[in-house]
2 protein chains.
Amino acid sequence: MATEARRPGRPATLEDVARVAGVSRATASRVINGLPTVDAALRRKVEEAITATGYAPNRAARSLVTRRTDSVALVVSEREQRHLATPFIGRMFSDPHFGRVVSGLLRELRPAGLQTVLMVADDEASRAQVLAYLRQGHVDGVVLVSSHPDDPLPRMLAETALPTVLAGRPGRAAALPYVEVDQRAGARLAAERLVAQGRRLIGTVAGPQDMPAAQERLDGFRGALAALGVPDLPWAEGDFTRAGGAEAMRRLLAGHPGLDGVFVASDLMGLGAVPVLLRAGRRVPQDVGVVGFDDSEAAEAAEPALTTVRQPVEDMAGEMARLLLRQIREPGAVPPSVVFRPSLVVRDSA
Amino acid sequence: MATEARRPGRPATLEDVARVAGVSRATASRVINGLPTVDAALRRKVEEAITATGYAPNRAARSLVTRRTDSVALVVSEREQRHLATPFIGRMFSDPHFGRVVSGLLRELRPAGLQTVLMVADDEASRAQVLAYLRQGHVDGVVLVSSHPDDPLPRMLAETALPTVLAGRPGRAAALPYVEVDQRAGARLAAERLVAQGRRLIGTVAGPQDMPAAQERLDGFRGALAALGVPDLPWAEGDFTRAGGAEAMRRLLAGHPGLDGVFVASDLMGLGAVPVLLRAGRRVPQDVGVVGFDDSEAAEAAEPALTTVRQPVEDMAGEMARLLLRQIREPGAVPPSVVFRPSLVVRDSA
DNA sequence: TTGAAAGCGCTAACAT
DNA sequence: ATGTTAGCGCTTTCAA
């Protein structure tokens, strides 16, 4: 119905809105930005003009004057892997876990009016490039998902004073808030489950011990077992991949054939570990109980389905977004890190 | 060494560079944008000034005048699924396939100096929002990854005249270039493999028949079998999920217990289908040969590992990026769609 | 409460 | 080949 009163071909500008509403650009701008000091009648006129013209603000123009960008960067930092056969950017993107993080993030960021720019840092050059981009003020904040413990990026970001949130505690401490699950508490849940089932010869397939999360899962599991009266803990280290889990399970089983319970530090490794047990003639869960970690799709896909420690990944990502928003809105504020409580999801493997 | 000759606190501007180099803003701009009409000596001076000041262009300012944004949108379009238990944005993001697409895309986009903005359209409101954003000229182009065949977005995008590329042929035809794999050729590879192994009682677990890709895989498989002298094709429809594959396999096997070969239209469905066969007492591949489609992680994860039809996903995504770049560089050009040739990856299941 | 005007940093005529 | 200048669309003093 409304004739779009504007120059043809180009999107309507604030100027157009002002003209249609019969006010100045300044007043139109006030309405658009929700400032209270506008007469109700004029406000209505402007709002009508916005609808009539199909106006939407030009972000570049706005950004030029406000120095905000209404966008944040989602930076994926991976160790360079030219030696691996992995095609291109490595496994982060094809990890369903990462997808869940993105999902939880967007769910908060979108309603806040923030766009999300995807960036990858996987070698020295790209890291410098990303950092330059961020420092230049092209985004209002950064969510960093880093997969390697010796990543220098957290510290470098801390020095920029740009609002930043980390997915998980960084390998090298940095003065930045992070969100993660209580690894030790999760390990304890696993220990309690296995012990409650009467298992006493318990081992664990741990994650890479240079990663804090993996360390804490191992350490927490050992501590919980000790508290439950099981002082000894044989373990083997995997690399958080399926193949690595299988390999570690083989070593563990070779050294300790009498095992009746295993805590595998990730579901994906569990996917590799369980078949090793089965092929070695152990029934799961009858002979050996297995508890995983993550509650990823892998847990459901396993045969039998894995009993596992659940991380509320989407909720955690949502919290990351909120921490970031708070920093953006209150410059200087550095909110405390948030640690989520894990829960046990009982399926068939223990 | 170089003292950063600039106002403190703020990034250097073109003005700063010009002053340090002792030239006008225009000349500095010419150097930065690589225009040829600049004296070699001045060019060097400007380049030094850039280094000295740590200058990087302000994208907002540039965008305001050029009407380019040097960014593209990666739009993920999914059917609304409030009825499902799926947490949040649905399964696209946690699909490793999507991650491979992102990976291939970024690999081309990054060197071209384009940022990638992630957007989701999963209901009427978000679709309108995304469309408004795109129409407003906030990006130079769009990559659309759509998961549902009745998606109105391809057509709506075609009407905007914004450079666009689709991941896969759209359900409703649209005048936009797309990239996909030759589905029929892939199905033929599967048929040839099974028939070459002497199998004659062959069925297929097809994908959702409202999706073009799924239709073509079924149709192509049927055609190829007929050409090879196997005229009959029992089939059951799955929904491209693991559980759906298992369910369809059960139905297929119930109706045709004598099957000795199955083409499963996705590896993920294969992951569900194979255990059904095993539990029904069929050995794979001895009693029943199984060929999947995609060559995803699922194919390797299956037990036995799936022989499958490979889609070069990262390469295809890279091609999408190139098609988009061409449209951006040559406005008005609508490059033809590109169809990739699949290949057979032989593993243990057939 | 409203408007006039300056200016954010950059590119692109245009003039030289 | 180089410089001067006029905006791009918006927010934000500052006056009224």
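Note on naming: letters A, B, ... go to the chains in the order of the sequence lines (proteins, then strands), and numbering restarts at 1 for each one.
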**Q** In chain order, what residues pass the ring-ring contact (aromatic ring centres under 6.0 Å, His included) check against B/Phe98, with sequence neighbours excluded?
**A** B/Phe93
**Q** Which of these nucleotides, C/dG9, C/dT11, D/dT11, is closest to any side-chain atom of B/Arg62?
**A** C/dT11
**Q** Under 3.5 Å, is there a donor-acceptor pair between the A/Asp16 and A/Thr53 side chains?
**A** no
**Q** Mind checking ring-ring contact (aromatic ring centres under 6.0 Å, His included) for B/Tyr133 and listing every partner two or more places apart, or none if nothing turns up?
**A** B/His138
**Q** With sequence neighbours excluded, tell me which residues meet salt bridge (Lys or Arg N to Asp or Glu O under 4.0 Å) with B/Asp150.
**A** B/Arg79
**Q** Applying salt bridge (Lys or Arg N to Asp or Glu O under 4.0 Å), can you list everything that pairs with B/Arg326, at least two apart in sequence or on another chain?
**A** none
**Q** Residues of residues 22-32 of chain A with any non-hydrogen atom less than 4.0 angstrom from an atom of DNA chain D: list those, numerically ordered, please.
**A** A/Arg25, A/Ala26, A/Ser29, A/Arg30
**Q** State whether A/Asn33 places a side-chain N or O below 4.0 Å from either non-bridging phosphate oxygen (OP1 or OP2) of D/dT11.
**A** yes
**Q** Enumerate the residues from residues 132-140 of chain A whose closest heavy atom to DNA chain C is under 4.0 Å, giving them by residue number; use none for an empty result.
**A** none
**Q** Considering residues at least two apart in sequence or located in another chain, which fulfil the salt bridge (Lys or Arg N to Asp or Glu O under 4.0 Å) criterion with A/Asp70?
**A** A/Arg68
**Q** Which nucleotide sits closest to the side chain of A/Thr37: D/dC10, C/dT2, C/dC10?
**A** C/dT2
**Q** Kindly write out the residues that satisfy side chain to side chain contact (heavy atoms under 4.5 Å, CB included) with B/Ser147, not counting sequence neighbours, or none if the list is empty.
**A** B/Glu78, B/Met92
**Q** Just jot down the salt bridge (Lys or Arg N to Asp or Glu O under 4.0 Å) partners of A/Arg172, sequence neighbours excluded, or say none.
**A** none
**Q** Can you give me the bend angle of the helix from C/dT1-D/dA16 to C/dT16-D/dA1? Use the axis through the first five pairs and the one through the last five, nearest 10 degrees.
**A** 40°
**Q** Under the rule for side chain to side chain contact (heavy atoms under 4.5 Å, CB included), what residues qualify as partners of B/Glu47, not counting sequence neighbours?
**A** B/Val31, B/Arg43, B/Arg44
**Q** Please collect all salt bridge (Lys or Arg N to Asp or Glu O under 4.0 Å) contacts where either partner lies in residues 22-40 of chain B, sequence neighbours excluded, each pair once.
**A** B/Glu15-B/Arg25
